[in-house]
Amino acid sequence: MSKWQNQLRNWVSQYFDLPADVMLDLPRITTIGSIHAYIENCTGLLHFSDHEIRISHRRGELSIKGKDLRIKMMLKEELLLEGQLLSIDFIDEPKGGGD
Amino acid sequence: MSKNLPVFQGRITIKVKGGSIESFMQTCVSEGCVLSQIKQLDDSTLLMTIRVQDWSTLKKYRKRHKCRIQFVSTEGLPFFYNAQKKKKSLWLAIVCSCLAVFLLANTLWSIKVEGLEPELEAAVKSQLDSYGIKPGSLSISMKQPREVQRLLLEDIPDLLWVGVKKQGTSYQLYGVKQTNYDEPEAPRPSNIVASKKGMITKMFISKGRPLVEVNDVVKKGKMLATGELKEDSGKYVEAVGEVLAETWYRVEIDQPEQIEQTLTDGSSSTVYSIAIGKVSIPVWGFWRKNDEEDREERYEQTFELFGWELPVRIGHNTKYKNEFLGQQPSKEQSVKEALKNGRNSLLVNLNEDAEILDEKILHQGVDRGKVKLILLFKVEENIAETKYVSQGD
(Lines give C-alpha, C1' and ligand atoms only; values in the text may rest on other atoms or scores of the structure.)
Protein backbone atom coordinates (compact mmCIF):
# COMPACT_ATOMS: atom_id res chain seq x y z
CA MET A 1 0.00 0.00 0.00
CA SER A 2 1.70 3.09 -1.15
CA LYS A 3 2.04 6.25 0.87
CA TRP A 4 0.04 8.55 -1.41
CA GLN A 5 -2.87 6.02 -1.35
CA ASN A 6 -2.90 6.27 2.45
CA GLN A 7 -2.89 10.01 2.26
CA LEU A 8 -5.71 9.96 -0.27
CA ARG A 9 -7.80 7.76 1.96
CA ASN A 10 -7.10 10.00 4.91
CA TRP A 11 -8.15 13.03 2.89
CA VAL A 12 -11.33 11.29 1.59
CA SER A 13 -12.38 10.20 5.05
CA GLN A 14 -11.92 13.70 6.39
CA TYR A 15 -13.52 15.42 3.42
CA PHE A 16 -16.57 13.22 3.27
CA ASP A 17 -16.77 12.78 7.03
CA LEU A 18 -16.59 9.01 6.77
CA PRO A 19 -15.65 6.84 9.76
CA ALA A 20 -11.95 6.36 9.84
CA ASP A 21 -12.01 2.63 10.53
CA VAL A 22 -13.87 1.96 7.29
CA MET A 23 -11.54 3.96 5.16
CA LEU A 24 -8.28 3.20 6.81
CA ASP A 25 -8.60 -0.48 7.72
CA LEU A 26 -7.94 0.23 11.34
CA PRO A 27 -9.31 -1.86 14.17
CA ARG A 28 -12.24 -0.46 16.07
CA ILE A 29 -12.14 -1.25 19.73
CA THR A 30 -15.19 -0.63 21.82
CA THR A 31 -14.89 -1.10 25.54
CA ILE A 32 -17.58 -1.07 28.12
CA GLY A 33 -15.94 0.19 31.21
CA SER A 34 -13.16 -2.20 31.84
CA ILE A 35 -15.18 -5.39 31.64
CA HIS A 36 -15.88 -5.84 27.93
CA ALA A 37 -13.92 -5.14 24.83
CA TYR A 38 -15.31 -5.50 21.35
CA ILE A 39 -12.67 -5.56 18.69
CA GLU A 40 -13.53 -5.29 15.02
CA ASN A 41 -11.40 -5.34 11.93
CA CYS A 42 -8.76 -7.58 13.40
CA THR A 43 -6.94 -10.01 11.20
CA GLY A 44 -5.60 -12.58 13.56
CA LEU A 45 -5.16 -13.87 17.05
CA LEU A 46 -1.55 -14.05 17.98
CA HIS A 47 -1.66 -14.97 21.63
CA PHE A 48 -4.30 -15.75 24.14
CA SER A 49 -3.97 -16.39 27.82
CA ASP A 50 -6.04 -15.28 30.77
CA HIS A 51 -3.91 -12.24 31.42
CA GLU A 52 -2.96 -11.11 27.95
CA ILE A 53 -4.30 -11.22 24.44
CA ARG A 54 -2.49 -10.08 21.37
CA ILE A 55 -4.28 -9.39 18.15
CA SER A 56 -2.90 -8.46 14.77
CA HIS A 57 -4.60 -5.98 12.48
CA ARG A 58 -3.68 -4.60 9.10
CA ARG A 59 -1.41 -1.95 10.45
CA GLY A 60 0.20 -3.69 13.36
CA GLU A 61 -0.65 -5.41 16.59
CA LEU A 62 -2.45 -4.58 19.73
CA SER A 63 -2.09 -6.09 23.12
CA ILE A 64 -4.75 -6.10 25.79
CA LYS A 65 -3.74 -6.94 29.30
CA GLY A 66 -6.06 -7.84 32.07
CA LYS A 67 -7.18 -10.46 34.55
CA ASP A 68 -9.34 -13.51 33.93
CA LEU A 69 -9.68 -12.76 30.27
CA ARG A 70 -12.12 -14.84 28.29
CA ILE A 71 -13.15 -14.68 24.67
CA LYS A 72 -16.90 -14.62 24.68
CA MET A 73 -17.12 -14.98 20.94
CA MET A 74 -14.68 -15.16 18.09
CA LEU A 75 -15.64 -14.54 14.47
CA LYS A 76 -13.59 -13.90 11.37
CA GLU A 77 -12.84 -10.25 12.04
CA GLU A 78 -14.50 -9.74 15.34
CA LEU A 79 -13.66 -10.61 18.87
CA LEU A 80 -15.64 -10.11 22.05
CA LEU A 81 -13.49 -10.08 25.10
CA GLU A 82 -14.62 -10.38 28.69
CA GLY A 83 -12.79 -9.99 31.94
CA GLN A 84 -11.08 -7.27 33.85
CA LEU A 85 -9.21 -5.10 31.39
CA LEU A 86 -6.12 -3.30 32.54
CA SER A 87 -4.55 -1.80 29.46
CA ILE A 88 -4.65 -1.65 25.71
CA ASP A 89 -1.30 -1.20 24.02
CA PHE A 90 -0.76 -0.44 20.35
CA ILE A 91 2.33 -1.90 18.86
CA ASP A 92 3.08 -0.38 15.49
CA GLU A 93 4.31 -2.66 12.82
CA PRO A 94 7.79 -1.87 11.69
CA LYS A 95 7.65 -0.30 8.25
CA GLY A 96 8.01 -2.58 5.28
CA GLY A 97 7.10 -5.75 7.12
CA GLY A 98 3.37 -5.72 6.22
CA ASP A 99 1.25 -7.82 4.00
CA MET B 1 -34.93 -17.88 11.35
CA SER B 2 -35.90 -20.20 14.12
CA LYS B 3 -33.19 -22.57 12.99
CA ASN B 4 -30.60 -20.06 14.08
CA LEU B 5 -31.87 -19.83 17.63
CA PRO B 6 -29.24 -21.15 19.99
CA VAL B 7 -31.64 -23.72 21.41
CA PHE B 8 -32.07 -25.47 18.08
CA GLN B 9 -28.37 -25.61 17.36
CA GLY B 10 -26.15 -28.26 18.74
CA ARG B 11 -23.11 -27.01 20.57
CA ILE B 12 -20.04 -28.91 21.64
CA THR B 13 -17.71 -27.88 24.40
CA ILE B 14 -14.22 -29.06 23.73
CA LYS B 15 -10.77 -28.90 25.27
CA VAL B 16 -8.03 -28.03 22.82
CA LYS B 17 -4.48 -28.87 23.73
CA GLY B 18 -1.45 -28.10 21.68
CA GLY B 19 1.37 -25.72 20.85
CA SER B 20 -0.19 -23.35 18.39
CA ILE B 21 -3.79 -23.07 19.43
CA GLU B 22 -4.04 -19.42 18.43
CA SER B 23 -3.19 -20.08 14.81
CA PHE B 24 -5.49 -23.09 14.80
CA MET B 25 -8.31 -20.90 16.09
CA GLN B 26 -7.53 -18.21 13.56
CA THR B 27 -7.62 -20.72 10.70
CA CYS B 28 -10.93 -22.14 11.87
CA VAL B 29 -12.45 -18.70 12.31
CA SER B 30 -11.38 -17.61 8.85
CA GLU B 31 -13.07 -20.73 7.50
CA GLY B 32 -16.32 -19.48 8.97
CA CYS B 33 -16.43 -21.19 12.34
CA VAL B 34 -17.81 -19.44 15.36
CA LEU B 35 -15.86 -20.02 18.55
CA SER B 36 -17.28 -18.90 21.82
CA GLN B 37 -16.69 -19.07 25.54
CA ILE B 38 -12.96 -19.44 25.13
CA LYS B 39 -11.22 -19.81 28.44
CA GLN B 40 -7.71 -20.73 29.38
CA LEU B 41 -7.36 -23.80 31.55
CA ASP B 42 -3.56 -23.97 31.68
CA ASP B 43 -0.66 -22.89 29.54
CA SER B 44 -1.43 -25.16 26.65
CA THR B 45 -5.10 -25.92 27.07
CA LEU B 46 -8.14 -23.91 26.11
CA LEU B 47 -11.79 -24.63 26.71
CA MET B 48 -14.19 -23.51 24.01
CA THR B 49 -17.63 -24.06 22.64
CA ILE B 50 -18.23 -24.64 18.96
CA ARG B 51 -21.30 -25.15 16.81
CA VAL B 52 -21.94 -28.71 15.72
CA GLN B 53 -21.65 -27.85 12.03
CA ASP B 54 -18.16 -26.45 12.59
CA TRP B 55 -16.86 -29.72 13.88
CA SER B 56 -15.72 -31.01 10.48
CA THR B 57 -13.65 -27.87 9.91
CA LEU B 58 -11.98 -28.23 13.26
CA LYS B 59 -11.24 -31.86 12.57
CA LYS B 60 -9.69 -30.95 9.25
CA TYR B 61 -7.19 -28.47 10.69
CA ARG B 62 -6.31 -30.00 14.05
CA LYS B 63 -3.53 -32.22 12.67
CA ARG B 64 -1.92 -29.40 10.75
CA HIS B 65 -1.66 -27.28 13.88
CA LYS B 66 -0.77 -30.20 16.13
CA CYS B 67 -3.74 -29.78 18.36
CA ARG B 68 -5.57 -32.43 20.28
CA ILE B 69 -9.28 -32.06 20.87
CA GLN B 70 -11.11 -33.58 23.76
CA PHE B 71 -14.87 -33.51 24.16
CA VAL B 72 -16.22 -32.12 27.36
CA SER B 73 -19.94 -31.91 26.84
CA THR B 74 -22.66 -31.42 24.29
CA GLU B 75 -25.80 -29.38 24.50
CA GLY B 76 -28.66 -28.26 22.32
CA LEU B 77 -31.75 -29.78 20.85
CA PRO B 78 -30.13 -32.04 18.20
CA PHE B 79 -28.12 -33.85 20.85
CA PHE B 80 -31.10 -34.06 23.15
CA TYR B 81 -33.15 -35.45 20.28
CA ASN B 82 -30.53 -38.06 19.48
CA ALA B 83 -30.37 -39.07 23.11
CA GLN B 84 -34.13 -39.44 23.25
CA LYS B 85 -34.13 -41.57 20.13
CA LYS B 86 -32.40 -44.26 22.09
CA LYS B 87 -35.15 -44.22 24.71
CA LYS B 88 -37.97 -45.16 22.38
CA SER B 89 -39.70 -47.48 24.81
CA LEU B 90 -39.79 -44.78 27.44
CA TRP B 91 -41.43 -42.36 25.06
CA LEU B 92 -43.83 -45.01 23.87
CA ALA B 93 -44.82 -45.65 27.48
CA ILE B 94 -45.28 -41.93 28.10
CA VAL B 95 -47.45 -41.53 25.01
CA CYS B 96 -49.44 -44.64 25.90
CA SER B 97 -50.04 -43.52 29.45
CA CYS B 98 -51.04 -40.05 28.28
CA LEU B 99 -53.45 -41.65 25.86
CA ALA B 100 -54.79 -43.95 28.55
CA VAL B 101 -55.29 -41.08 30.96
CA PHE B 102 -56.96 -39.08 28.22
CA LEU B 103 -59.27 -41.95 27.33
CA LEU B 104 -60.12 -42.75 30.92
CA ALA B 105 -60.72 -39.13 31.74
CA ASN B 106 -62.99 -38.78 28.76
CA THR B 107 -64.97 -41.88 29.44
CA LEU B 108 -68.32 -41.57 31.08
CA TRP B 109 -68.35 -43.75 34.14
CA SER B 110 -71.68 -43.20 35.78
CA ILE B 111 -75.07 -41.71 35.21
CA LYS B 112 -77.02 -40.57 38.22
CA VAL B 113 -80.68 -39.75 37.93
CA GLU B 114 -82.34 -38.18 40.89
CA GLY B 115 -85.82 -37.12 41.78
CA LEU B 116 -87.65 -39.42 39.40
CA GLU B 117 -89.71 -42.56 39.81
CA PRO B 118 -88.02 -45.78 38.73
CA GLU B 119 -90.15 -46.02 35.59
CA LEU B 120 -89.33 -42.56 34.42
CA GLU B 121 -85.74 -43.01 35.45
CA ALA B 122 -85.51 -46.07 33.23
CA ALA B 123 -87.09 -44.11 30.38
CA VAL B 124 -84.60 -41.31 30.84
CA LYS B 125 -81.74 -43.77 30.91
CA SER B 126 -82.86 -45.54 27.78
CA GLN B 127 -83.26 -42.20 26.04
CA LEU B 128 -79.76 -41.24 27.11
CA ASP B 129 -78.61 -44.57 25.80
CA SER B 130 -80.13 -43.78 22.43
CA TYR B 131 -78.22 -40.48 22.39
CA GLY B 132 -75.05 -42.47 22.94
CA ILE B 133 -74.73 -41.52 26.58
CA LYS B 134 -74.08 -44.62 28.63
CA PRO B 135 -71.43 -45.69 31.09
CA GLY B 136 -68.28 -46.66 29.26
CA SER B 137 -68.75 -44.47 26.23
CA LEU B 138 -66.42 -41.67 25.34
CA SER B 139 -67.63 -38.24 26.22
CA ILE B 140 -65.78 -36.48 23.41
CA SER B 141 -68.41 -37.22 20.83
CA MET B 142 -71.29 -36.63 23.20
CA LYS B 143 -73.71 -33.82 22.85
CA GLN B 144 -73.53 -30.85 25.15
CA PRO B 145 -75.52 -31.17 28.40
CA ARG B 146 -77.73 -28.32 27.29
CA GLU B 147 -78.53 -30.14 24.07
CA VAL B 148 -79.19 -33.34 25.99
CA GLN B 149 -81.53 -31.47 28.28
CA ARG B 150 -83.48 -30.10 25.36
CA LEU B 151 -83.70 -33.52 23.67
CA LEU B 152 -84.81 -35.21 26.88
CA LEU B 153 -87.56 -32.69 27.45
CA GLU B 154 -88.68 -33.12 23.86
CA ASP B 155 -88.61 -36.90 23.83
CA ILE B 156 -90.06 -37.63 27.24
CA PRO B 157 -93.28 -35.70 27.60
CA ASP B 158 -93.72 -36.74 31.23
CA LEU B 159 -90.72 -34.69 32.25
CA LEU B 160 -91.52 -31.23 33.44
CA TRP B 161 -87.95 -30.21 33.84
CA VAL B 162 -84.62 -31.95 33.87
CA GLY B 163 -81.28 -30.62 34.93
CA VAL B 164 -78.34 -32.14 33.15
CA LYS B 165 -74.91 -31.62 34.55
CA LYS B 166 -71.71 -33.24 33.49
CA GLN B 167 -69.35 -33.47 36.39
CA GLY B 168 -66.04 -34.96 35.48
CA THR B 169 -66.69 -38.47 34.36
CA SER B 170 -70.25 -38.69 35.58
CA TYR B 171 -73.54 -37.41 34.35
CA GLN B 172 -75.92 -36.07 36.92
CA LEU B 173 -79.54 -35.57 36.10
CA TYR B 174 -82.20 -34.12 38.28
CA GLY B 175 -85.67 -34.50 36.96
CA VAL B 176 -89.08 -33.25 37.93
CA LYS B 177 -92.07 -35.21 36.81
CA GLN B 178 -94.88 -33.46 35.12
CA THR B 179 -97.99 -33.79 37.22
CA ASN B 180 -101.02 -33.93 35.06
CA TYR B 181 -103.79 -32.14 36.73
CA ASP B 182 -107.06 -33.99 36.33
CA GLU B 183 -109.07 -30.86 36.54
CA PRO B 184 -108.16 -27.97 34.40
CA GLU B 185 -108.74 -24.71 36.21
CA ALA B 186 -111.83 -23.95 34.23
CA PRO B 187 -113.73 -27.23 33.90
CA ARG B 188 -114.88 -27.83 30.38
CA PRO B 189 -118.57 -28.51 30.28
CA SER B 190 -119.26 -31.94 28.93
CA ASN B 191 -121.76 -34.75 28.67
CA ILE B 192 -121.24 -38.45 28.52
CA VAL B 193 -122.60 -40.24 25.47
CA ALA B 194 -122.60 -43.85 24.42
CA SER B 195 -119.82 -44.78 22.06
CA LYS B 196 -121.50 -48.05 21.09
CA LYS B 197 -124.81 -49.72 21.11
CA GLY B 198 -125.31 -51.85 24.20
CA MET B 199 -127.18 -52.73 27.34
CA ILE B 200 -126.04 -50.97 30.45
CA THR B 201 -124.93 -53.31 33.20
CA LYS B 202 -123.14 -51.05 35.61
CA MET B 203 -122.99 -47.33 35.91
CA PHE B 204 -121.02 -44.98 38.07
CA ILE B 205 -121.23 -41.30 37.32
CA SER B 206 -118.87 -39.46 39.65
CA LYS B 207 -119.76 -36.04 38.30
CA GLY B 208 -122.88 -35.10 36.49
CA ARG B 209 -126.47 -36.21 36.33
CA PRO B 210 -127.21 -39.68 34.94
CA LEU B 211 -129.92 -39.86 32.31
CA VAL B 212 -130.18 -43.64 31.89
CA GLU B 213 -130.48 -46.58 34.19
CA VAL B 214 -129.03 -50.02 34.45
CA ASN B 215 -130.56 -52.53 31.98
CA ASP B 216 -131.43 -49.76 29.54
CA VAL B 217 -130.49 -50.50 25.98
CA VAL B 218 -128.81 -47.49 24.44
CA LYS B 219 -127.89 -46.69 20.86
CA LYS B 220 -124.68 -45.15 19.77
CA GLY B 221 -124.58 -41.44 20.51
CA LYS B 222 -127.27 -41.52 23.19
CA MET B 223 -126.59 -39.21 26.08
CA LEU B 224 -125.86 -41.21 29.21
CA ALA B 225 -125.14 -38.44 31.67
CA THR B 226 -125.15 -34.72 31.47
CA GLY B 227 -122.94 -32.13 33.02
CA GLU B 228 -125.90 -29.81 33.47
CA LEU B 229 -126.63 -30.50 37.11
CA LYS B 230 -129.93 -28.65 37.22
CA GLU B 231 -132.26 -29.03 34.30
CA ASP B 232 -132.30 -26.06 31.93
CA SER B 233 -130.01 -24.11 34.23
CA GLY B 234 -127.42 -23.79 31.49
CA LYS B 235 -124.66 -24.33 34.02
CA TYR B 236 -122.48 -27.21 33.08
CA VAL B 237 -119.74 -29.12 34.85
CA GLU B 238 -117.48 -31.69 33.33
CA ALA B 239 -119.29 -35.01 33.53
CA VAL B 240 -117.08 -37.84 34.61
CA GLY B 241 -118.07 -41.44 34.95
CA GLU B 242 -117.93 -44.99 33.84
CA VAL B 243 -120.73 -46.80 32.10
CA LEU B 244 -120.24 -50.50 31.62
CA ALA B 245 -122.49 -52.04 29.05
CA GLU B 246 -123.04 -55.34 27.39
CA THR B 247 -122.22 -55.06 23.70
CA TRP B 248 -122.46 -57.57 20.90
CA TYR B 249 -120.09 -58.33 18.10
CA ARG B 250 -120.47 -60.47 15.04
CA VAL B 251 -117.23 -62.01 13.88
CA GLU B 252 -116.66 -63.88 10.63
CA ILE B 253 -113.68 -66.14 10.44
CA ASP B 254 -112.14 -68.17 7.64
CA GLN B 255 -109.83 -70.87 8.74
CA PRO B 256 -108.05 -73.14 6.23
CA GLU B 257 -108.72 -76.79 6.87
CA GLN B 258 -105.25 -77.77 5.95
CA ILE B 259 -102.43 -76.23 7.89
CA GLU B 260 -99.14 -75.92 6.11
CA GLN B 261 -96.08 -75.86 8.19
CA THR B 262 -92.46 -75.59 7.22
CA LEU B 263 -90.08 -77.46 9.41
CA THR B 264 -86.37 -77.64 9.45
CA ASP B 265 -84.87 -81.08 9.61
CA GLY B 266 -81.88 -79.75 11.45
CA SER B 267 -79.34 -79.94 8.67
CA SER B 268 -77.82 -76.56 8.02
CA SER B 269 -74.85 -75.02 6.33
CA THR B 270 -73.20 -71.81 7.32
CA VAL B 271 -71.31 -69.33 5.19
CA TYR B 272 -69.01 -67.04 7.11
CA SER B 273 -68.13 -63.67 5.75
CA ILE B 274 -66.33 -60.54 6.77
CA ALA B 275 -68.26 -57.37 6.22
CA ILE B 276 -66.72 -53.92 6.08
CA GLY B 277 -69.31 -51.22 5.71
CA LYS B 278 -71.73 -52.45 3.08
CA VAL B 279 -69.30 -54.83 1.39
CA SER B 280 -69.42 -58.43 2.46
CA ILE B 281 -66.70 -60.86 1.53
CA PRO B 282 -67.40 -64.58 2.00
CA VAL B 283 -64.59 -66.31 3.79
CA TRP B 284 -65.62 -69.83 4.62
CA GLY B 285 -68.21 -72.28 3.40
CA PHE B 286 -69.30 -70.37 0.31
CA TRP B 287 -68.76 -73.40 -1.92
CA ARG B 288 -71.68 -75.21 -0.40
CA LYS B 289 -74.67 -74.68 -2.63
CA ASN B 290 -78.15 -75.87 -1.92
CA ASP B 291 -80.71 -75.91 -4.68
CA GLU B 292 -83.65 -76.65 -2.47
CA GLU B 293 -85.85 -74.03 -1.03
CA ASP B 294 -84.09 -72.97 2.10
CA ARG B 295 -84.64 -70.68 4.93
CA GLU B 296 -81.77 -68.33 5.38
CA GLU B 297 -80.81 -66.64 8.60
CA ARG B 298 -78.29 -63.91 8.73
CA TYR B 299 -76.53 -62.87 11.85
CA GLU B 300 -73.85 -60.24 12.09
CA GLN B 301 -71.41 -60.11 14.87
CA THR B 302 -70.02 -56.70 15.67
CA PHE B 303 -66.98 -55.81 17.68
CA GLU B 304 -66.59 -53.02 20.09
CA LEU B 305 -63.49 -51.40 21.37
CA PHE B 306 -63.83 -48.92 24.25
CA GLY B 307 -67.42 -48.31 23.31
CA TRP B 308 -66.64 -47.77 19.66
CA GLU B 309 -68.04 -50.10 17.11
CA LEU B 310 -65.42 -51.38 14.76
CA PRO B 311 -66.33 -51.22 11.08
CA VAL B 312 -65.41 -54.87 10.58
CA ARG B 313 -68.15 -57.39 11.27
CA ILE B 314 -68.36 -61.12 10.91
CA GLY B 315 -71.45 -62.38 9.19
CA HIS B 316 -72.94 -65.85 9.57
CA ASN B 317 -75.34 -66.91 6.86
CA THR B 318 -76.98 -70.10 7.96
CA LYS B 319 -79.23 -72.00 5.55
CA TYR B 320 -81.66 -74.50 6.92
CA LYS B 321 -83.24 -77.18 4.82
CA ASN B 322 -86.98 -76.82 4.77
CA GLU B 323 -89.51 -79.54 4.93
CA PHE B 324 -93.15 -78.92 4.28
CA LEU B 325 -95.69 -80.57 6.41
CA GLY B 326 -99.34 -80.47 5.65
CA GLN B 327 -101.55 -81.04 8.63
CA GLN B 328 -105.19 -81.90 8.53
CA PRO B 329 -106.56 -81.19 11.94
CA SER B 330 -109.88 -82.61 13.01
CA LYS B 331 -112.98 -80.51 12.58
CA GLU B 332 -113.33 -79.97 16.28
CA GLN B 333 -109.80 -78.77 16.50
CA SER B 334 -110.10 -76.32 13.67
CA VAL B 335 -113.30 -74.90 15.09
CA LYS B 336 -111.59 -74.46 18.40
CA GLU B 337 -108.68 -72.78 16.68
CA ALA B 338 -111.00 -70.47 14.78
CA LEU B 339 -112.80 -69.52 17.97
CA LYS B 340 -109.54 -68.65 19.59
CA ASN B 341 -108.47 -66.56 16.63
CA GLY B 342 -111.76 -64.74 16.62
CA ARG B 343 -111.54 -63.96 20.29
CA ASN B 344 -108.05 -62.65 19.99
CA SER B 345 -108.73 -60.47 16.99
CA LEU B 346 -111.75 -58.98 18.73
CA LEU B 347 -109.86 -58.20 21.91
CA VAL B 348 -107.17 -56.49 19.91
CA ASN B 349 -109.71 -54.05 18.57
CA LEU B 350 -111.36 -53.34 21.91
CA ASN B 351 -110.26 -51.37 24.92
CA GLU B 352 -108.10 -52.99 27.52
CA ASP B 353 -110.84 -53.23 30.11
CA ALA B 354 -113.19 -55.09 27.76
CA GLU B 355 -114.15 -58.56 28.84
CA ILE B 356 -115.75 -61.31 26.76
CA LEU B 357 -118.72 -62.66 28.65
CA ASP B 358 -120.09 -65.18 26.22
CA GLU B 359 -119.52 -66.51 22.73
CA LYS B 360 -121.80 -68.34 20.36
CA ILE B 361 -121.32 -69.99 17.02
CA LEU B 362 -124.05 -68.72 14.74
CA HIS B 363 -123.05 -70.49 11.63
CA GLN B 364 -120.47 -73.09 10.75
CA GLY B 365 -119.63 -74.38 7.30
CA VAL B 366 -116.90 -75.70 5.03
CA ASP B 367 -116.32 -73.85 1.83
CA ARG B 368 -113.47 -74.57 -0.63
CA GLY B 369 -111.18 -76.13 1.91
CA LYS B 370 -111.88 -73.49 4.50
CA VAL B 371 -113.81 -73.66 7.69
CA LYS B 372 -116.10 -70.68 7.81
CA LEU B 373 -117.49 -69.54 11.12
CA ILE B 374 -119.79 -66.74 12.08
CA LEU B 375 -119.49 -65.99 15.77
CA LEU B 376 -121.33 -63.80 18.17
CA PHE B 377 -119.53 -62.39 21.15
CA LYS B 378 -121.08 -60.80 24.18
CA VAL B 379 -118.68 -58.29 25.66
CA GLU B 380 -118.77 -56.07 28.69
CA GLU B 381 -116.97 -52.81 28.19
CA ASN B 382 -116.96 -49.14 29.03
CA ILE B 383 -119.01 -47.23 26.51
CA ALA B 384 -118.78 -43.84 28.19
CA GLU B 385 -117.47 -41.16 25.87
CA THR B 386 -116.93 -37.59 26.94
CA LYS B 387 -118.48 -35.08 24.64
CA TYR B 388 -117.75 -31.43 25.26
CA VAL B 389 -120.55 -28.96 25.08
CA SER B 390 -119.95 -25.68 23.38
CA GLN B 391 -121.66 -23.06 25.47
CA GLY B 392 -122.86 -20.94 22.64
CA ASP B 393 -120.05 -18.46 22.46
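Naming convention: chains lettered A, B, ... in sequence-line order (proteins, then strands); numbering from 1 in each chain.
Minimum interatomic distance between B:Gln40 and B:Leu46 (heavy atoms only, all atoms of both residues): CA-CD2, 3.6 Å.
Exactly one of A:Ile64, A:Asp89, A:Leu46 qualifies for a side-chain contact (heavy atoms from CB on, under 4.5 Å) with A:Arg54. That residue is A:Leu46.
Below 30°, between 30° and 60°, or above 60°: for B:Phe24 and B:His65 the angle between ring planes is between 30° and 60°, a tilted geometry.
With chain B as partner, the option from A:Glu77, A:His47, A:Glu82, A:Lys76 having the largest number of non-hydrogen pairs under 4.5 angstrom is A:Lys76.
Residues B:Thr57 and B:Ile50 form no side-chain contact, since every pair of their non-hydrogen atoms from C-beta on lies 4.5 Å or further apart.
Contact of B:Ile21 with chain A is not made at all, since no heavy-atom distance falls under 4.5 Å. Contacts between B:Cys33 and chain A at a heavy-atom distance below 4.5 Å involve the backbone alone (N, CA, C, O).
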